[in-house]
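The structure appears below as structure tokens.
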Amino acid sequence: MLLFRAIFTAALLLCFGESWGAWDPRLPISSERLLGDIPARPVPPRRPFEQFFKIRPLDHVGFSPDNQTIFFIRNDGEIDNVFAMDLATESLRQVTHYHEPVQNLLIGNQGHSLFIVQDEGGNERYDISRFDLSTGLSQRLTHSPPNEMSYICAQSPDGRFLYYGQSQGVRTQSSLWRIDLKTRKNELVLASRGRLLECGDISPDGRYLVFYQFVENNERHLGLVDLEKNLHFYIFYAPQVNNINASFLDDRRLLFMNAMGADYFYLWQYQIDTGRLLAGRGPLAYPLESFSIQAQGQIAIFYYRVGLRTRTFVYVDRSRNQMHYPSLKEPLYDALFSPTDPGVALFITADTTQPERYYLFHAAVQGSAKSTAATQGVEFKDRSLGAASRSIAVSAHKQAHSVADTDGWLKMIYDANQTGIPQDEFAEARSLLIPSYDGLLIPLHLFIPNGTSKKQPRPVIIWVHGGPDEHIDPDFDSYFQYLNNQGFIVAAPNVRGSTGFGKWYAMLDDGDWGGGHVQDILAVAEFLRGLEFVQPQRIALFGESFGGFIVLSAITQYPNHFNAAVVFFGISELATFIEGLPRSADPYLLGQLGFDPRKDAQRNIAVSPYYHVQRITIPVQIHQGKNDLRVKQAQTDQLVAKMRALGLPIDYYTYDEGHGFLNFSNESLAYRRVVEFLSRY
């Protein structure tokens, strides 16, 4: 184990010692270097939570078939609804006025309808509706049973069918269906037969549908349904291999990602006619996080882990190399190209102090970016059974070319910052690596309020992310910025078990819940206490869901290390938590835990914070959703009752929500309570 840690630490040094802003741990850490010019910046006025949440990013954005309009999901001030923007006039209008939030959106490829997924009351019962753009009428297409869900996969190219998945048996299984949009007749496409099936992309000719067999979060088998012959077959079926992001390059070539035999994801290509599997090496040497094939296979977008954050790179075949856009002066966060014309695109920029901005791009000659493949800079090797390893489809990648300003025009059409807050008021982030108790380097982001200095030190909130298969990047975050504005430094560590830093790092907490990742939090706290601009006696913890479990574990194991703690929808008793989840979650969670807490009472008692609350010595604030299906209210009620019986200082609030906030008024109230609570300690 120590050897592996040494190798991993060396890899971090090589990978994160970049010029992209990541901290080089070989250099001495000092308060002056961390702060830079932050002390010289004026302290902004205190602003209400509501103002920060006038940051309105656009989610699930898509072009209409005629490229005249974009549709997207945006918060209307209370919940998420569908909006549209006319690209000629840049006028914005609200399309739907639902009282239940919209979770997903698919634009009908004929331009007449929107397909919408909604969640009723935060109880994770999802259903699909069709919204008629000409009449404004909504029609329910699915009727999920209680505790079940339906989700959209794809629409057939001719517009006739909508493909979707629907769970059954408390989500232990799911089958794939399609609905005839003219007759509204449902037809079974692929029966579950005890499997938990998910569906994805459809081939441009409408013949093949991607499906996944979900085993657990880190294992999905990949296959195709031949809709013409009414049969299905697997492409990649291997234990502990997660196949994701399957997208059709054309009618007969499928691209996807997995990390078989490697610590990071690789790009793969499957040729349907020959059955050949080709392992790909992307155009850049950084760890690949995801990719997107757009504009009917003519555009490739790669998302790489560079330093301590994700970076986006666009490849257009016209140049056979990475594309740069000189007029775009801000960091590229994402890109969306029209499905029908690669000369039309939205470029999305963002950074720590800048929410998303959306730029419309038009090439000078429409369609001029067309080419035959989106993977000109990718090298593939044949990995078919029995085939010799040999390179194919290789093209030179010598230098990147830029699209000159004369090749098109670029115009900002929307700024997510609707707050009226000047950008220079937003807090900056500092990213670095700190050693934990065993020498493992932990990625840490510090979001530091303006004016912070040795003379004006700040209290700190250590924000522990959920998951555990999640991570935090130093991007703009309205929650962090609000807390910064209220005078708190937010320290956001990616403790062992976080994603984004390789498969091995993500597996470091398997079988060790409440162990190493809690020690990482202690190491972060000790590091913070050594900084001159931190108030060492005012370090609080904040965690949501799995992050709440870490927070509760930390304050029961180490009761004197923190001054206060806040838990949102947090796990406190593992046997109750797992018993309340769908059985489909068992393989993942039991693999994470290393034991079944329903069967091993002794270990469950040892690991679950519920059984150790008598050790808590600091004030705790807990927030819980009444409709939460993952961490049920009964579990949290028992925790709170036990703490109150012991006379422990606790604030407890419940909301008409599920596992997370969907209604702005509830969320606003909760975060005002957090600031008031932490300001007292």
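- Side-chain contact, Ser167 with Glu148: a donor N or O sits under 3.5 Å from an acceptor N or O.
- Using modelled atom types, one finds no donor on one side chain facing an acceptor on the other under 3.5 Å when comparing Thr576 with Gln635.
- Proximity of Leu440 to Leu508: side-chain heavy atoms (C-beta onward) are separated by under 4.5 Å at one or more points.
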Check: Can Asn242 and Glu219 be said to form a side-chain hydrogen bond (donor to acceptor under 3.5 Å, both in side chains), step by step?
Finding: CA-CA 4 Å; Asn242 196 22; Glu219 183 177 335; over 6 Å; no
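- In this structure, Glu470 and His465 approach most closely via the heavy-atom pair O-CE1, 3.0 Å.
- At distances below 3.5 Å, not a single donor-acceptor pair connects side-chain atoms of Glu657 with backbone N or O atoms of Gly625.
- For Asp512 (side chain) and Gly516 (main-chain N/O), a donor-acceptor pair under 3.5 Å exists by modelled atom type.
- A heavy-atom distance below 4.5 Å is not found between the side chains of Met643 and Tyr652.
- When all heavy atoms are compared, the tightest approach of Ser436 to Arg496 is OG-NH2, 3.6 Å.
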Notebook entry, point to check: When you look at Arg673 and Asp651, which way does the side-chain contact (heavy atoms from CB on, under 4.5 Å) test go after all the steps?
Noted result: CA-CA 10 Å; Arg673 285 168 167 168; Asp651 293 348; over 6 Å; no
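- With values rounded to the nearest 0.5 angstrom, Asn666 atom CG is found 12.0 Å from Ile79 atom CD1.
- In the displayed structure, Lys54 atom NZ is contacted under 6.0 Å by at most 12 heavy atoms of other residues, nucleotides or ligands.
- If you look at Tyr151 and Tyr126, their ring centroids are not closer than 6.0 Å.
- Between the side chains of Gln354 and Tyr333, not a single donor N or O lies within less than 3.5 Å of an accepting N or O.
- Pairing each heavy atom of Phe447 with each of Asn484, the nearest pair is O-ND2, 3.0 Å.
- Taken from CD1 in Ile521 to CD in Gln557, the straight-line distance is 11.5 Å, to the nearest 0.5 Å.
- Residues satisfying the ring-ring contact (aromatic ring centres under 6.0 Å, His included) test with Tyr681, not counting sequence neighbours, are Phe677.
- Note that NZ of Lys626 and CG of Asp628 are 13.0 Å apart. Values are rounded to the nearest 0.5 Å.
- The main-chain N or O of Ser665 is never found under 3.5 Å from a side-chain atom of Asn663 such that the two would form a donor-acceptor pair.
- Contact check for Ile116 versus Tyr98: side-chain heavy atoms found under the 4.5 Å cut-off.
- Between the CD atom in Glu428 and the CG atom in Leu34 there is a gap of 12.0 Å [rounded to 0.5 Å].
- Of the N and O atoms on the side chains of Glu573 and Asn604, at least one donor lies less than 3.5 Å from an acceptor on the other residue.
- Between Arg125 and Ser144, the closest heavy-atom pair is NH2-O, 2.7 Å.
- Contact between Asn485 and Arg46 at its shortest, heavy atoms only, is O-CD, 3.0 Å.
- Side-chain contact of Asn563 with Gln537: a donor-acceptor pair under 3.5 Å is absent, judged by distance alone.
- Under the 6.0 Å distance and 45° angle rule, Arg305 does not count as a cation-pi partner of Tyr264.
- One distance of note links NZ of Lys454 with CG of Leu35; it measures 12.0 Å at 0.5 Å rounding.
- Side-chain atoms of Gln486 never come within 3.5 Å of backbone atoms of Ser679 as a donor-acceptor pair (strictly under, hydrogens ignored).
- Put simply, the residue from Phe569, Trp513, Phe577 that forms a ring-ring contact (aromatic ring centres under 6.0 Å, His included) with Phe546 is Trp513.
- Residues Gln240 and Glu216 have side chains in contact (heavy-atom distance under 4.5 Å, counting atoms from C-beta outward).
- The main-chain N or O of Val613 is never found under 3.5 Å from a side-chain atom of Lys642 such that the two would form a donor-acceptor pair.
- With respect to the salt-bridge test (charged N to carboxylate O, under 4.0 angstrom), the residues Glu676 and Arg672 do not qualify.
- Not one N or O on the side chain of Asn450 forms a donor-acceptor pair closer than 3.5 Å with the backbone of Arg41.
- Qualifying salt bridge (Lys or Arg N to Asp or Glu O under 4.0 Å) partners for Arg615, counting only residues two or more places apart in sequence or in other chains: none.
- Interatomic distance, CD of Glu667 versus CD of Glu50, reported as 10.5 Å (0.5 Å rounding).
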Next item on the list: Just do the side-chain contact (heavy atoms from CB on, under 4.5 Å) check on Phe549 and Val607 with the steps written out, would you?
Entry: CA-CA 10 Å; Phe549 172 83; Val607 176; 3.9 Å; yes
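- For Pro649, the side-chain contact (heavy atoms from CB on, under 4.5 Å) test picks out Pro619, with sequence neighbours left out.
- For the 3.5 Å distance criterion, the side chains of Glu198 and Ser174 fail to qualify, holding no donor opposite an acceptor.
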Next item on the list: For the pair Phe426 and Phe52, evaluate side-chain contact (heavy atoms from CB on, under 4.5 Å) and give the outcome as yes or no after the intermediate values.
Entry: CA-CA 10 Å; Phe426 293 128; Phe52 280 89; 4.0 Å; yes
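- Looking at Pro435 and Leu441, their side chains come closer than 4.5 Å, going by heavy atoms from C-beta outward.
- Between the side chain of Asp80 and the backbone N or O of Pro101 there is no donor-acceptor pair closer than 3.5 Å.
- Under the 3.5 Å distance criterion, the side-chain polar atoms of Asp351 are left unmatched by any main-chain donor or acceptor of Thr353.
- Asp263 and Tyr505 share no side-chain donor-acceptor pair at under 3.5 Å.
- For Arg74 (side chain) and Leu58 (main-chain N/O), no donor-acceptor pair under 3.5 Å exists by modelled atom type.
- Every residue two or more places apart in sequence or in another chain that forms a ring-ring contact (aromatic ring centres under 6.0 Å, His included) with Tyr655 is listed here: His623, Phe661.
- Residues that satisfy the side-chain hydrogen bond (donor to acceptor under 3.5 Å, both in side chains) test with Thr499, not counting sequence neighbours, are His471.
- The two atoms that bring Pro559 and Thr617 nearest to each other are O-OG1, 2.7 Å, heavy atoms only.
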Checklist line | Verdict with reasoning, Leu528 to Ile489, per side-chain contact (heavy atoms from CB on, under 4.5 Å) | finding: CA-CA 10 Å; Leu528 293 169; Ile489 296 170; 5.7 Å; no
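- Applying the side-chain contact (heavy atoms from CB on, under 4.5 Å) criterion to Ser478, with sequence neighbours excluded, gives Phe53, Ile55, Phe476.
- Side-chain contact between Gln633 and Thr654 is present, with heavy atoms from C-beta onward closer than 4.5 Å.
- Panel note: side chain His445, backbone Ile472; a donor-acceptor pair is recorded below 3.5 Å.
- Taking the side chain as every heavy atom from C-beta outward, Gln621 and Tyr653 approach each other to under 4.5 Å.
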Next item on the list: Carefully, step by step, assess Gln166 and Ser150 under the rule side-chain hydrogen bond (donor to acceptor under 3.5 Å, both in side chains).
Entry: CA-CA 4 Å; Gln166 189 173 82; Ser150 300; 2.7 Å; yes
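- A ring-centre distance under 6.0 Å is found for Tyr671 and Phe568.
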